[in-house]
Participant: 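Pasting a structure here, questions to come.
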Amino acid sequence: MKTPKRYLISAALPYANGLKHIGHLAGAYLPADIYVRYLKAQKRDVVFVCGSDEHGTAIPIQATKEGTTAQAIIDKYHPIIEQNFKDLGIAFDIYHRTSDPLHHQTASEFFKDLESRGDLETKTTEQYFDQQANTFLADRYIKGTCPNCSHGEAYGDQCEKCGKSLSPEELINPVSTLSGNAPIKKETTHWYLPLNRHEDFLRKWLLEQHANDWRPAVIGQCKSWIEGGLQPRAVTRDLDWGVKVPVAGGDGKVLYVWFDAPIGYISATKQWAINNDKDWKPYWNDPETKLVHFIGKDNIVFHCIIFPVMLKLHGNILPENVPANEFMNLEGDKMSTSRGWSIEMDDYINKWIKKENGGEALADCLRFYLNAIAPESKDSEFTWKGFQDAVNGELVSIFANFVNRTWVLMHKLTKGKVPKIHIEYLDDDDNALLLAVKETKEKITTLLEQYKFRDAQFEVINLARLGNQYMQKKEPWILAKNVDTDPTAQAKIDNCMHGCLQLTANLAILINPFLPFTAKKMCHLMKVVDRMLEWENAGKFDLLKVGYSLRPPELLFRKIEDEEIAAELAQLNANAAAKKIKMETTNTNPAASNADQANESGIATLKPEIVFDDFGKIDLRVGTIIEAKKVEKADKLLELLVDLGFEQRTILSGIAMHFKPEDIVGKQVTIVANLAPRKMRGIESKGMILMAEDAKGKLYFVSPSEAIASGSTIA
RNA sequence: GGCGAGGUAGCUCAGUUGGUUAGAGCACAGGAUUCAUAACCCUGAGGUCACGAGUUCAAAUCUCGUUCUCGCUACCA
């Protein structure tokens, strides 16, 4: 394979609305960092970009909630996240932010370019509008009951309780978070990216060219999208937080956050170029540049479908690969910051690294374990016990112990110096060791080029294991007892120690992409400069010069104690319990903890007052369910035949998860009889059945207290 | 409901185009050793490859069906 002229490596822009957890780290940042460190050791021309994603609707919402400004929020989290990455050895060449003027300018120009060439369409649709606040409501500004889990405070784009992605239309009882009023629908015009125009391109590029060299999950997901029929996607929103739409008619509108965020990779590159007096253009325009996006699986569609279309239209290069990782779970459950079930990078840093017995070594311990269980092909699971086992059992016992016993022996048996080689006593074991180092280097190189970081790291540990075996076989501590009687003993000791020392130097080079702090410390022990860590030096056995005296032994890592693990587990459970109580007391479902006062804070904010005439428009009737069956290909819909006395109608209701069809036949219910018909799943529904819902999401029919004639009016 | 990815030893995972007794690490058991952070080294035990059919001389691998987990997506008037 031809070596690319240069590389542009990106890691997903973290959203600057809070702390990021180790799942994020394992998903995108750590693999990206390993790859970049490897490339740099290969002396390749590479730029590693990242930055805070600071737009989107969640941030101003959060600001309102916390009584502060959007700017204050991003100004709070941007530096923390940036520092967290630094503390964990994630070495971006630039950590930029999308609120920077340079980014606004870059994103603006990008949009204008596409718009001027007719690559965007405009479309007028109805969107939720808050009359009191006189503004359109972005997804995040609408709250309501989650249709999936019945959580009372789901947002228009996602329910934070069950994590389901939503659209505002799906919410039950939508309410504006600005005024507390129910929103109305109003027309608005937006720009769209017509993905449907690029189906052929995507098919060819993804499904033909990259069918075999991209990860199956990535290709599978893309295929699913393409086969499902590509739709134009809105690229603007009615909002005032973000990059202003820079063309006529764009007043009061900003670029949709997903449109502007990936452009952040480009503006970050520009900023890097300015800082380093370089030209950014080849990194995004020259086909000889290899572009790789590191992301989590939730980002696949944006990076593999939408952004590539944007790049193609704008005349940029396309990603060579998008090695998306799956998710990392924690102790048997999904990681979630809002539920308190996660390990924040910031917490880990404060608890483990910035402690007396911590330090950079503990950063490498986390890197080691996260990479060892990286969810490269399927979801994986972080357990504190697993962390302890991996660190104590492999990193300390195999790797660090080899280095330590080498150092101790070297000081005991060869005066703390690199001994000379006695060629006449070299044997097959010595040759095998050298050969193994060379082979391992090749293996690791191949694995890294294939984004198989977990396997690559395993090979390094294996090489250290081989070192232990080599030393065990040579037994220099036994030979040392015979130095006086056996004239060859010292020579054999020298050869063994020489081999072990050169192996250590090689281990430092090979472990460097994964555990940079450790590699640095090993350089310190060996008294060599960092340049020794260049990849081309791996496989050489003359890295440490004969006669050179090295530093006294020093442990690379400490062991993780049982009590520390127990404390973390206790903390995790305490956090989750605390968050749970908080959620239950602050959200709309007090009944979960106090069933007697179910309406303490109300299921939803009271809707705005209406006049009697408004009410009079609604024709409520008593109906009797005479038939009920499940709608095919729908999980939640029941098709009901309801007798209204004067006629029988088909009414669809989303209650299939709560009631079995046979159990509700004969039930009398309240019907909105004059609601406009609506087609769902191909069946027309003429009316609506009223349901009451309790705090736990359980549904109840609203029925007359005694049997009454079907069709009776309700007022 | 549709689509995608998974289900392999107690745990975490490998298994290339179907080819002898299905691999590794951890954990476990036994042995050996003491230079080393009770570390290392050797040996061992362990799996109906989710389940059921089919294709084949031969299936963890290919086909179909069933089932479970995760993700995306549709349905809630």
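All chains are named by letter (A, B, ...) in the order of the sequence lines, taking the proteins before the strands, and each is independently numbered beginning at 1. FYI, side chains are in, hydrogens and waters are out, and symmetry mates aren't considered; it's all heavy atoms of this structure.
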Participant: Reckon A/N468 touches a base, only the sugar-phosphate, or nothing at all at heavy-atom distances under 4.0 Å?
Facilitator: sugar-phosphate
Participant: Report the nucleotide, chosen from B/rU33, B/rC3, B/rC40, that has the shortest atom-to-atom distance to any side-chain atom of A/W477.
Facilitator: B/rU33
Participant: Would you kindly give the CG-to-P distance between A/N325 and B/rC13, to the nearest whole Å?
Facilitator: 12 Å
Participant: Rounding to a whole Å, what distance do you find between A/I373:CD1 and B/rU12:P?
Facilitator: 10 Å
Participant: With rounding to the closest Å, how many angstrom separate the P atoms on B/rU63 and B/rG25?
Facilitator: 32 Å
Participant: Closer to the 5' end of RNA chain B via nearest nucleotide, is it A/K452 or A/T406?
Facilitator: A/K452
Participant: Looking at RNA chain B, which of residues 357-371 of chain A put a heavy atom within less than 4.0 Å of it?
Facilitator: none
Participant: Quick test of your reading of the model: are A/E627 and A/K629 salt-bridged, counting only N-O distances below 4.0 Å?
Facilitator: no
Participant: Do the side chains of A/K297 and A/D379 get close enough for a salt bridge, i.e. N-O under 4.0 angstrom?
Facilitator: yes
Participant: How close or far is atom P of B/rU34 from atom CD of A/Q472, stated in whole angstroms?
Facilitator: 10 Å
Participant: If you measure from the P atom in B/rG52 to the same atom in B/rC13, how many Å do you get, rounded?
Facilitator: 25 Å
Participant: Any side-chain N or O of A/K378 less than 4.0 Å from the OP1 or OP2 oxygen of B/rA14?
Facilitator: yes
Participant: Give the rounded distance in Å between these two atoms: CD of A/Q221 and P of B/rC72.
Facilitator: 8 Å
Participant: Taking 4.0 Å as the cut-off, does a side-chain nitrogen or oxygen of A/R454 come that near to OP1 or OP2 on B/rA14?
Facilitator: yes
Participant: Side-chain donor-acceptor pair under 3.5 Å between A/D562 and A/Q388, yes or no?
Facilitator: yes
Participant: Figure out the CG/P separation between A/D379 and B/rG6, and round it to whole Å.
Facilitator: 11 Å
Participant: Treat a base pair as Watson-Crick or G-U wobble with both distances under 3.5 Å, then lay out RNA chain B in dot-bracket form, 5' to 3', with | for cross-strand pairs.
Facilitator: (((((((..((((.....[...)))).((((.........)))).....(((((..]....))))))))))))....
Participant: When you get a sec, tell me which of B/rA5, B/rU34, B/rC13 is the closest nucleotide to the side chain of A/A217?
Facilitator: B/rA5
Participant: Base, sugar-phosphate, or nothing for A/K559, non-hydrogen atoms under 4.0 angstrom?
Facilitator: base
Participant: B/rA53 and B/rG6: how far apart are their P atoms, nearest whole angstrom?
Facilitator: 25 Å
Participant: Measuring only the C1' atom in each nucleotide, how far is B/rG44 from B/rA9? A whole number of Å is fine.
Facilitator: 14 Å
Participant: Hydrogens and angles aside, do A/R215 and A/N321 bring a side-chain donor and acceptor to less than 3.5 Å of each other?
Facilitator: no
Participant: May I have the distance from A/I305 (atom CD1) to B/rC72 (atom C1'), rounded to whole angstrom?
Facilitator: 12 Å
Participant: Salt bridge check: are A/E326 and A/K378 linked by an N-O gap of less than 4.0 Å?
Facilitator: no
Participant: What contact category does A/W407 fall into here, base, sugar-phosphate, or nothing, at under 4.0 angstrom with non-hydrogen atoms?
Facilitator: nothing
Participant: Which heavy atom of A/R367 sits nearest to which heavy atom of A/F514, and what is that distance?
Facilitator: NE-O, 2.8 Å
Participant: Give a yes/no answer on whether the side chain of A/Q469 brings an N or O atom under 4.0 Å of OP1 or OP2 in B/rC42.
Facilitator: yes
Participant: Kindly point out which of B/rU37, B/rA5, B/rA36 is positioned nearest to the side chain of A/R405?
Facilitator: B/rA36
Participant: Pick base, sugar-phosphate or nothing for A/T383, based on heavy-atom distances below 4.0 Å to the nucleic acid.
Facilitator: nothing
Participant: Between A/W384 and A/W352, how do the two ring planes meet: parallel, tilted or perpendicular, split at 30° and 60°?
Facilitator: parallel
Participant: Between B/rA32 and B/rU43, how far is it from one P atom to the other, in whole Å?
Facilitator: 15 Å
Participant: Tabulated below should be each protein N or O lying under 3.5 Å from an N or O of nucleotides 24-30 of chain B; please produce it.
Facilitator:
{"residue": "B/rG25", "atom": "O3'", "partner": "A/R465", "partner atom": "NH2", "Å": "3.0"}
{"residue": "B/rG25", "atom": "O2'", "partner": "A/E394", "partner atom": "OE2", "Å": "3.2"}
{"residue": "B/rC26", "atom": "OP1", "partner": "A/R465", "partner atom": "NH2", "Å": "3.4"}

Participant: Output yes when at least one side-chain N/O atom of A/K334 is less than 4.0 Å from OP1 or OP2 of B/rG71, else no.
Facilitator: yes
Participant: Which of the following nucleotides, B/rC13, B/rA5, B/rC35, is nearest to the side chain of A/K412?
Facilitator: B/rC35
Participant: Which nucleotide in the set B/rA5, B/rU34, B/rU37 lies at the smallest distance from any side-chain heavy atom of A/L556?
Facilitator: B/rU37
Participant: Over 60° means perpendicular and under 30° means parallel, so tell me whether A/H210 and A/W214 are parallel, tilted or perpendicular.
Facilitator: parallel
Participant: With C1' as the reference atom in both, quote the distance from B/rC57 to B/rC42 in angstrom, rounded to an integer.
Facilitator: 41 Å
Participant: Provide, to the nearest angstrom, the distance between the CG atom belonging to A/D455 and the C1' atom belonging to B/rG23.
Facilitator: 13 Å
Participant: What is the distance, rounded to the nearest whole Å, between atom CD of A/E639 and atom P of B/rC75?
Facilitator: 17 Å
Participant: If the C1' atom of B/rU48 is compared with that of B/rU34, how far apart are they to the nearest Å?
Facilitator: 45 Å
Participant: Can you tell me which nucleotide in B/rG71, B/rC3, B/rC41 comes closest to the side chain of A/S224?
Facilitator: B/rC3
Participant: What heavy-atom pair brings A/I300 and A/C222 nearest, and what distance separates the two atoms?
Facilitator: CG2-SG, 4.1 Å
Participant: Taking the six-membered ring for Trp and the full ring for Phe, Tyr or His, determine whether the centres of A/Y369 and A/F382 are under 6.0 Å apart.
Facilitator: yes
Participant: Which part of the nucleic acid, if any, lies within reach of A/V408 when heavy atoms closer than 4.0 Å are counted: base, sugar-phosphate only, or nothing?
Facilitator: sugar-phosphate
Participant: Return yes if a side-chain donor-acceptor contact under 3.5 Å exists between A/N329 and A/E381, otherwise no.
Facilitator: no
Participant: Would you find more than 12 non-hydrogen atoms of other residues, nucleotides or ligands less than 6.0 Å from A/N357 atom CG?
Facilitator: yes
Participant: For B/rA45 and B/rA58, measure between their C1' atoms and round to the nearest Å.
Facilitator: 29 Å
Participant: Do A/D429 side-chain atoms and A/K474 backbone N/O form a donor-acceptor pair below 3.5 Å?
Facilitator: no
Participant: Salt bridge or not for A/D494 and A/K492, using N-O below 4.0 Å?
Facilitator: no
Participant: Determine yes or no for a side-chain-to-main-chain donor-acceptor pair under 3.5 angstrom, with A/E376 supplying the side chain and A/F453 the backbone.
Facilitator: yes
Participant: Nearest of B/rA39, B/rU12, B/rA5 to any side-chain atom of A/S397?
Facilitator: B/rA39
